[in-house]
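Take a look at the structure below.
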Amino acid sequence: MANSNFLPRGKSGGYLALAITCVVWGTTWVVSKIGIADIPALQMASIRQLLGGSCFVLFFILKKKLPLPNRKQFARLFTLALLMFVFANGLSTWSLKYIPTGLSALIGALYPLSVVIIGMFFFKTRNMKPLTLVGLLLGITGIGIVFYQSVFQNQSPDFLFGVALSVIAMLSWSIGTLILTKGNIQMNPYYAVGWQMVISSVLLYIFALFTHQTIPFAAISSTAWYAIAYLVIMGSILSFVAFIYSMKHLPIAVASLYAYINPLVAMLVAAIVLNEELTVYILWGSVITLVGVFLVNYSLRQSQQKIIVEPEI
């Protein structure tokens, strides 16, 4: 889509692109938290998806001359938009109103574990390797340590509601991922993502209206607009180009490391910028959790069942 000539050639450019992906996608959680202080979360997510998705859709229609989706493609795009951008992205953004940034990012990173569990119970995937089991146990142990520090010491209704939103978002992303692996939409994948974002922007705005989570556009503060601009330009365009570049120039095992670094970046930046608590329990619990997620993904990759890791915020 965008030109990647700003990156050096070869592996050095790939590592720079990976660093950009890790830092930018990690900071989007913090920027989203800042933005929803001045604008309802669902409304902000809707505006962001509309602007970001329109950039992709218009590029492929005007520059690449791709046709509009047919009826069958649109039905599939609608389903994926509902799961991966309305419920997953929208609810995870909403959860930031109630829970710490790092906790929401960590719960979002758990989805490979839930994909394995959902596959076992609903798709009869029984060939679990020992390494997959170890990863699951580590992931559960790590999140237990984090929750010991966070949940059991904060049982307010708002906090528990935020955790529930984040878990539902993660599960929705997991189901959407399984649907993606079960069939081909027969479209350019980035063009398809653009359409999903545009469709989801309409659905999110309807959802926001229904739940009374909108304010007049004239009342949106400059801080919120700066946050949206960062999320669109840096989070949806620049980092997406960097992500594609890293995937092309680095081994997949290296390029996918961003998924395990993003939550740590979110935690560290939130601690510095938002003064969110970052204790030894939270930090080590997060590291153990992400090691478990990595082992699950690695074991599945060895079995030719790699889970595609995409950003949620």
Side-chain angles (χ1 to χ4, degrees), residues 28-30 32-37 39-46 48-49 79-122 136 139-179 200 203-214 259 262-263 266-267 270 274 276-277 279 281-282 285-286 289-290 292-293 310-313:
T28 54
W29 293 89
V30 178
S32 293
K33 181 92 166 182
I34 293 171
I36 64 172
I39 179 176
L42 296 181
Q43 185 178 12
M44 186 183 77
S46 173
R48 178 204 176 174
Q49 302 300 359
T79 301
L80 291 172
L82 188 64
L83 288 170
M84 307 192 82
F85 286 98
V86 176
F87 289 131
N89 184 272
L91 295 187
S92 60
T93 303
W94 191 7
S95 75
L96 293 171
K97 181 178 178 180
Y98 305 105
I99 62 177
T101 309
L103 180 59
S104 185
L106 184 64
I107 293 173
L110 291 176
Y111 89 90
L113 307 186
S114 71
V115 166
V116 171
I117 295 172
I118 291 171
M120 287 175 57
F121 286 99
F122 295 98
L136 283 171
I140 294 170
T141 301
I143 200 67
I145 295 172
V146 174
F147 269 49
Y148 172 80
Q149 179 72 23
S150 301
V151 176
F152 298 135
Q153 297 182 17
N154 187 344
Q155 297 187 23
S156 69
D158 282 350
F159 185 87
L160 296 178
F161 179 66
V163 171
L165 287 175
S166 194
V167 170
I168 293 170
M170 180 268 294
L171 292 173
S172 179
W173 192 270
S174 303
I175 296 169
T177 299
L178 286 168
I179 291 175
S200 70
L203 298 176
L204 277 166
Y205 200 77
I206 294 172
F207 191 10
L209 287 172
F210 183 76
T211 55
H212 306 290
Q213 292 194 61
T214 60
N262 285 351
M267 288 179 183
L274 303 176
E276 290 190 356
E277 185 180 30
T279 66
Y281 279 106
I282 294 173
S286 301
T289 300
L290 295 173
V293 173
E310 294 290 355
E312 191 166 292
I313 278 287

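What's counted below: heavy atoms across the whole structure, side chains too, no hydrogens, waters or symmetry copies. The first residue in the sequence is number 1, and the count goes up from there.
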Between M84 and S172, what is the shortest heavy-atom contact and its length?
N-OG, 4.5 Å
Does a side-chain heavy-atom distance below 4.5 Å link Y281 with S286?
no
Atom pair OG1/CG of T214 and L209 - distance to nearest 0.5 Å
5.0 Å
Are the ring centres of F87 and W94 closer than 6.0 Å?
no
Got L106 and M267 here, is their nearest side-chain heavy-atom distance under 4.5 Å?
yes
Would you compute the distance between atom CG of L171 and atom CG of L83 and round it to the nearest 0.5 angstrom?
11.0 Å
Rounded to the nearest 0.5 Å, what separation is found between the OG atom of S114 and the CG atom of L136?
10.0 Å
When the aromatic ring centroids of Y98 and F161 are compared, is their separation below 6.0 Å?
yes
Give the minimum heavy-atom separation between S32 and L96, together with the two atoms involved.
CB-CD1, 3.6 Å
Point-to-point distance, once rounded to the nearest 0.5 Å, from CH2 of W29 to CG of L103:
10.0 Å
Do L42 and M44 come within less than 4.5 Å of each other through their side chains, counting heavy atoms only?
no
Point-to-point distance, once rounded to the nearest 0.5 Å, from CD of E276 to OG1 of T101
3.5 Å
CA sep, side-chain torsions, deciding dist, call: T28, N262, side-chain contact (heavy atoms from CB on, under 4.5 Å)
CA-CA 9 Å; T28 54; N262 285 351; over 6 Å; no
To the nearest 0.5 angstrom, please state how far the CD1 atom of I143 sits from the OG1 atom of T289.
4.5 Å
Can you name the nearest heavy-atom pair linking I99 to S166, along with the distance?
CD1-CB, 4.1 Å
Heavy-atom pair of closest approach, residues G139 and L113
CA-CD1, 3.8 Å
Looking at every non-hydrogen atom in both residues, tell me the closest pair between I179 and L80 and how far apart they are.
CG2-CD2, 4.0 Å
Please report the shortest heavy-atom distance between L91 and A169, naming the atom on each side.
CB-CB, 4.0 Å
Passes side chain to side chain donor-acceptor pair (under 3.5 Å), S95 versus S104? Steps please.
CA-CA 7 Å; S95 75; S104 185; 2.9 Å; yes
